[in-house]
Amino acid sequence: MIITHYGHSTFAIQIEGINLVVDPFITGNEQTKNKVNLDDIEADYILLTHAHQDHTLDAGTLAKKTGAVIISNYEIANYYEEKGLEVHPLNHGGAATFDFGRLKYVAAVHTSSFADGTYGGQPGGFVIEGAHKNIYIAGDTGLTMDMKLIPMQTKLDLAILPIGDNFTMGVDDAILASDFVECDKVLGCHYDTFGYIEIDHEEAKRKFYEKGKDLMLLGIGESLEL
Ligand code: NI
Ligand code: MN
């Protein structure tokens, strides 16, 4: 499994040659300007945690270009299906098996509406059980006890957690989240993109380190392999 960060909460995840893109927000992100070209991104599936613009802005364009299947909650899937795109709807607690592995839509504590005000269902996160590795993508969320359900069924190799505070968990709550999901290897997201969520990278990494955990912060276009 190869995970590439394209800024904010956008990740490309390659599992055995199949390309997943999570929460594509590239053309509206100042930080990815001249660094990431949406046209270069391949996608077989697009996973959307919730409807907010900083997670869905490029989903329609990317799906149209690649023919990727959009996977999200029922309302978000419907929204894109009405635009003529291919979708697979899930809802909370539900899982389905795809050619890349088993995907479960799990709870998140947040809100979810499209930029035009359209209702975007309830926000969520994803647990991916891939061929060899399992990961949790929290999406935008506050710390919630529901996270404790995840390790009862899935032994995680990586947790992708928001750490920017203000709209989601901050670093301290993300450390507790990493306890809840029983995964000490954390990839941070949802920080630095705009003023409200700027963080001190060194301080964040130190706080995780002091709890015996590893916080990774990938640069734009940087990858890690699991
Ligand atoms: Ni959001
Ligand atoms: Mn967000």
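Counting from 1, the numbers follow the sequence of the chain as shown. Numbering of ligands and ligand atoms starts at 1, following listing order. Note that the structure is predicted; figures quoted are calculated from it, not measured.
With the Ni ion (ligand 1) as vertex, His110 NE2 and His52 ND1 subtend 90°, rounded to 10°. Rounding to 10 degrees, one finds that the Mn ion (ligand 2) sits at the corner of an angle of 110° between His190 NE2 and His55 NE2.
When the options Leu217, Thr168, Ile175 are evaluated for a side-chain contact (heavy atoms from CB on, under 4.5 Å) with Ile163, the one that passes is Leu217.
Using bins of under 30°, 30° to 60° and over 60° for the plane-to-plane angle, the ring pair His55/His50 lands in the tilted bin. The aromatic rings of Tyr79 and Phe114 lie parallel to each other, with less than 30° between the two planes, well short of the 60° mark.
For the Ni ion (ligand 1), the set of nearby N, O or S atoms under 2.8 Å includes none belonging to His55. Residue Asp140: an N/O/S atom is found under 2.8 Å from the Ni ion (ligand 1).
Closest N/O/S atom of Asp140 to the Mn ion (ligand 2): OD2. Atom OD2 is the N, O or S atom of Asp54 at the shortest distance from the Mn ion (ligand 2).
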Before you tell me yes or no, could you show the steps for His92 and Tyr105 under ring-ring contact (aromatic ring centres under 6.0 Å, His included), namely the whole-Å CA-CA distance, both residues' side-chain angles and the distance that decides it to 0.1 Å?
CA-CA 5 Å; His92 298 83; Tyr105 194 60; 4.7 Å; yes
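A donor and an acceptor atom, one from each side chain of Asp58 and Thr27, are located under 3.5 Å apart.
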